[in-house]
J.: 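This structure is in structure tokens; I'll ask about it shortly.
Naming: A, B, ... by sequence-line order, numbering from 1 per chain. We use all heavy atoms of the structure for the numbers below, so side chains are in, but hydrogens, waters and symmetry mates are not.
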There are 2 protein chains.
Amino acid sequence: MIAFTEQAITGADKTFFQLRSDIVEGEIKAGSKLSEMELSTKYGVSRAVVREAINRLESCHLVERKPNIGARVVALTLEGLIQLYQVRESLEGMAARLAAKNMTDTEIEDLKVLLNSHFQEVKGSQTYYQEAGDVDFHYRIIVGSKNDHLISMLVNGLYHLIRMYRVQLGMAGPRVSTAFEEHKNIVQAISNRDEELAEMLMRRHILYSKQNIEARLR
Amino acid sequence: MIAFTEQAITGADKTFFQLRSDIVEGEIKAGSKLSEMELSTKYGVSRAVVREAINRLESCHLVERKPNIGARVVALTLEGLIQLYQVRESLEGMAARLAAKNMTDTEIEDLKVLLNSHFQEVKGSQTYYQEAGDVDFHYRIIVGSKNDHLISMLVNGLYHLIRMYRVQLGMAGPRVSTAFEEHKNIVQAISNRDEELAEMLMRRHILYSKQNIEARLR
DNA sequence: GGTGGATAGATTGTCGACAATATAGTTATT
DNA sequence: AATAACTATATTGTCGACAATCTATCCACC
């Protein structure tokens, strides 16, 4: 026996991951059409696996499919981004609430360690924090909720969409120092097992991000 | 030109709808295995369309699929139901908030009419209200949010799962008269354009339902 | 010249067959 | 008798071809 959960990787999986990456990173342009035959030859697999990959992309809301017509990569609009952040505020707020209830003491301790390591990096390069660090922070809280539906919706669904916006609309931006303070307060609330406050702070944190983006993009 | 949005119905669509219905209504038992070949002969279509239908069921979280092994209908557990209601509380709370902001005056007026017609029916048979009426009420508010992601997640995703629990665990139960009062207050908050209160009342309404179910099932 | 319909090309939907993998049953070995 | 390896069977993953549908072009007609 080698690994504990030995999940087989199928060809459709690989094609799905590749396509998702290409779309999120903008290799395949937003709003463009996805031709099954074209992608089939491009990735060297049959149309069937491309179709399955596209179906999964549709589940992630990364493409829209119409019968007998085909699939298009979603268009990026300010309105769409705002709606995305509304859903995110709602779900991650609940995630923070549940994390305050369900995370183990050691998980919370690890979260504090992560936060400290971020603090060290904020002083140096700000980019790293914004890119990977922020995602990692939110990810841990989402997983800490221990709610499978929540985790699936956010990790498999919304996050790739949000990253797509972030990459293609070039939403790097500062907001680093203030965001760090907000993260610190959220962790404190979780550590105190204050569900109400953890949810409220997380919602505000995401709301601020949304308002920051809105102001920047119009 | 006949209709405005003339969506073509493909064979995979029909198979998907049929399968979803069979699963939600318990025709196909929870936790049972879905054999592609078996379903293929049963519904008289090729394995390819069955596979596509199963993939979509997986997107709805109605089945779980493992590579090279197959798909099983999800198991119904109290823990799973609770997690579902936590997500629902979060999302429908946001839906009520957005509905208070985005519903038109006429839509709100229609909602009041619906509520009144429910009131008439509560006095007679209680079953109708609980079954269709309650769903209709929540549906209108969800759509009233005007947030496509929210609508899709709730209507295409969570609601069928919740209905599956409701049908198969036999969660009919009263709670009719009190629920009606809660509905009335939610509509009033929406009518007053009080986003904060609308969200809070909707969350409480769903939280009460959850607690009611928990108490009943253990 | 503009509009409507027919035709040709291309794209998606569906199918049956083959390949790869998992499962169950059997045999051989310790 | 228990375990391990092997074989046979069944199920899923993948493929190429055919059918149904959409799109664009061209022609007839007003």
J.: Could you check A:Pro67 against A:Val45 and say which one's nearest nucleotide on DNA chain D is further toward the 5' end?
T.: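 Result of the comparison: A:Val45.
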
J.: Nearest whole Å is fine: how far is C:dT11 C1' from A:Lys66 NZ?
T.: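 Atom NZ in A:Lys66 sits about 16 Å away from atom C1' in C:dT11.
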
J.: Parallel under 30°, tilted from 30 to 60°, perpendicular over 60°: which one fits the rings of A:Tyr159 and A:His138?
T.: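 Ring orientation of A:Tyr159 relative to A:His138: tilted.
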
J.: Which atom pair, heavy atoms only, marks the closest approach of A:Val63 to A:Ala71?
T.: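 For A:Val63 versus A:Ala71, the nearest heavy atoms are CG2-CB, 4.4 Å.
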
J.: Rounding to a whole Å, what distance do you find between B:Glu52:CD and D:dT12:C1'?
T.: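 Atom CD in B:Glu52 sits about 17 Å away from atom C1' in D:dT12.
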
J.: Could you give the NZ-to-P distance, from A:Lys14 to D:dT14, as a whole number of Å?
T.: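 Between P of D:dT14 and NZ of A:Lys14: 9 Å.
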
J.: Which heavy atom of B:Lys146 sits nearest to which heavy atom of B:Asn102, and what is that distance?
T.: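 Closest heavy-atom pair between B:Lys146 and B:Asn102: NZ-O, 3.1 Å.
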
J.: Check step by step if salt bridge (Lys or Arg N to Asp or Glu O under 4.0 Å) holds for A:Arg47 and A:Glu36.
T.: CA-CA 6 Å; A:Arg47 258 187 64 216; A:Glu36 294 181 0; 3.0 Å; yes

J.: Under 4.0 Å, heavy atom to any atom of DNA chain C: which of residues 28-41 of chain B qualify?
T.: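 Close to the strand, none.
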
J.: Taking atom P of D:dA20 as reference, at what distance in whole Å does atom CD1 of B:Ile9 sit?
T.: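 Atom-to-atom, B:Ile9 to D:dA20, this comes out as 18 Å.
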
J.: Is B:Thr10 close enough to C:dT12 that one of its side-chain N or O atoms is under 4.0 Å from OP1 or OP2 there?
T.: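 Negative; the distance criterion is not met.
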
J.: Would you say a side-chain N or O of A:Arg51 is under 4.0 Å from OP1 or OP2 of C:dG13?
T.: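 For A:Arg51, the contact criterion (side-chain N or O under 4.0 Å from OP1 or OP2 of C:dG13) is met.
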
J.: Anything under 3.5 Å between a donor and an acceptor, one on a side chain of residues 14-21 of chain A, the other on a protein residue two or more places apart or in another chain? List them.
T.:
| residue | atom | partner | partner atom | Å |
| --- | --- | --- | --- | --- |
| A:Thr15 | OG1 | A:Gly11 | O | 3.0 |
| A:Gln18 | NE2 | A:Asp22 | OD1 | 3.2 |
| A:Arg20 | NH1 | A:His160 | NE2 | 3.1 |

J.: What nucleotide, of D:dG13, C:dA22, D:dC22, holds the atom closest to the side chain of B:Ile69?
T.: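 Shortest atom-to-atom distance from the side chain points to C:dA22.
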
J.: Select one nucleotide: of C:dA22, C:dT14, D:dC15, the one nearest the side-chain heavy atoms of B:Ala12.
T.: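 Among C:dA22, C:dT14, D:dC15, the one nearest the side chain of B:Ala12 is C:dT14.
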
J.: Go through it in stages, so that I can follow the logic: the residues are B:Thr10 and A:Asn68, the test is side chain to side chain contact (heavy atoms under 4.5 Å, CB included), and I'd like the CA-CA distance, side-chain angles, deciding distance and then a yes or no.
T.: CA-CA 8 Å; B:Thr10 175; A:Asn68 294 315; 6.0 Å; no

J.: Quick one: B:Asn55 CG to D:dT12 P, roughly how many Å, whole number?
T.: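 Distance check: B:Asn55 CG to D:dT12 P gives 12 Å.
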
J.: Which nucleotide, C:dT14, D:dT14, D:dG13, lies nearest any side-chain atom of A:Ser46?
T.: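 Output: D:dT14.
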
J.: Can you measure B:Arg47 atom CZ to D:dT14 atom C1' for me and round it to whole angstrom units?
T.: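 Value for this atom pair: 9 Å.
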
J.: Examine C:dT12: is either OP1 or OP2 under 4.0 Å from a nitrogen or oxygen in the side chain of A:Arg72? Give yes or no.
T.: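 Negative; the distance criterion is not met.
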
J.: Between atom CG in A:Asn68 and atom P in C:dG13, what is the gap in whole Å?
T.: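 That distance rounds to 6 Å.
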
J.: Under the criterion side chain to side chain contact (heavy atoms under 4.5 Å, CB included), which of A:Val87, A:Ile206, A:Ile141 is the partner of A:Glu92?
T.: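 Between A:Glu92 and the candidates, side chain to side chain contact (heavy atoms under 4.5 Å, CB included) is satisfied uniquely by A:Ile206.
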
J.: Could you check how far CG of A:Asp13 sits from C1' of C:dT21, rounded to whole Å?
T.: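 Result: 14 Å.
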
